[in-house]
Amino acid sequence: KSFIKLHWVSEIGYVQAEESIYLVFSPQVIPLLTLQREYFTKLDLNSMVEFKSSYSFRLYELLVAVKGSNKFVNPTFTVDSLCNIMHVPDSYREYKVFKPRVITKAVSELKAKVANFKKLETVEHRLTGSKRVESIEFKF
């Protein structure tokens with residue numbers, strides 16, 4: 001086996017006259033740092049500060065990550081996958097509890113506090129001939 005061990009930072013300093021700290025990243029790390037914009041999700045932290053529910057945070061992160069900048073994507077998730085992604089406790093996993101306490105609350109908060117989510121709506125999808133909600137589509 002072969003491997004490379006490197007440090008992210010090659011130099012850290014403190015300038016007393018300016019009361020500032022500076023960092024110098026290792027040359028091997030710099031190309032990875034410049035890729036941050038391509039491979040990571042950009043979140044509007046000003047909107048997120050206003051969220052009261054942790055489920056609003058999780059749903060916002062999920063929808064922004066999946067939707068990206070594509071205006072035409074309406075992501076759909078199974079109820080089970082949403083429960084897992086949003087770290088819903090077992091007591092909330094039954095749909096009649098999950099919908100009002102998690103989804104409805106989070107969607108209302110996103111609509112009220114995030115400009116790009118003002119028209120966000122949910123559509124429930126059921127299996128043919130079943131009353132059970134299998135998945136939820138988020139329409140923008």
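Below, all heavy atoms of this structure are taken into account, side chains as well, without hydrogens, waters or symmetry copies. Heads up: numbering here begins at 1 and tracks the sequence.
- Linking Ile, Leu, Val, Met, Phe, Trp and Tyr whenever their side-chain heavy atoms come within less than 4.5 Å leaves Val73 and Val123 in two separate clusters.
- Atom CD of Glu18 is separated from atom OH of Tyr14 by 10.0 Å, given to the nearest 0.5 angstrom.
- When all heavy atoms of Ala106 and Ser56 are compared, the pair lying nearest together is CA-OG, 3.4 Å.
- Ring orientation note: the planes of Phe57 and Phe51 are nearly perpendicular, at an angle over 60° on the 30°/60° scale.
- Using a cut-off of 4.0 Å between Lys/Arg side-chain N and Asp/Glu carboxylate O, Glu134 and Arg132 are scored as salt-bridged.
- When the side chains of ILVMFWY residues are joined at heavy-atom separations under 4.5 Å, either directly or via intervening members, Ile30 and Leu23 end up in a single hydrophobic cluster.
- Contact between Ala115 and Lys118 at its shortest, heavy atoms only, is O-CG, 3.1 Å.
- Val49 and Leu110 are not part of a single hydrophobic cluster, where members link through side-chain heavy atoms under 4.5 Å apart.
- Two residues are said to be in side-chain contact when any heavy atoms from C-beta on lie closer than 4.5 Å; Tyr55 and Val88 meet this criterion.
- The shortest heavy-atom contact between Ile136 and Leu82 is CD1-CD1, 3.9 Å.
- A donor-acceptor pair under 3.5 Å is formed between the side chain of Glu109 and the backbone N or O of Lys52.
- Here the CD1 atom belonging to Ile103 is positioned 5.0 Å from the CE atom belonging to Met86, to the nearest 0.5 angstrom.
- Of all heavy-atom pairs between Lys131 and Arg126, the closest is O-NH1, 2.6 Å.
- The hydrophobic cluster containing Val9 also contains Val29, counting ILVMFWY residues as joined when their side-chain heavy atoms lie under 4.5 angstrom apart, directly or transitively.
- When side chains are defined from C-beta on, Thr122 counts as touching Phe138, because their heavy atoms get closer than 4.5 Å.
- Nearest heavy-atom pair across Cys83 and Arg93 is CB-NH1, 3.3 Å.
- A 4.5 Å side-chain heavy-atom check between Leu59 and Val102 finds every atom pair outside the cut-off.
- Note that CZ of Arg101 is 12.0 Å distant from OG of Ser53, once rounded to the nearest 0.5 Å.
- In this structure a side-chain-to-backbone donor-acceptor pair under 3.5 Å is missing from Ser26 to Gln28.
- Between Leu63 and Leu120 the shortest side-chain heavy-atom distance falls below 4.5 Å.
- More than 12 heavy atoms of other shown residues, nucleotides or ligands fall within 6.0 angstrom of atom NZ in Lys111.
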Would you check, one step at a time, whether the test side chain to side chain contact (heavy atoms under 4.5 Å, CB included) holds for Met48 with Tyr60? CA-CA 8 Å; Met48 293 178 74; Tyr60 175 72; 3.5 Å; yes

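- Criterion: ILVMFWY side-chain heavy atoms under 4.5 Å apart, direct or through other members. Under it, Ile12 and Val15 are not part of a common hydrophobic cluster.
- Cation-pi geometry between Lys67 and Phe140 is satisfied (NZ or CZ under 6.0 Å from the ring centre, within 45° of the ring normal).
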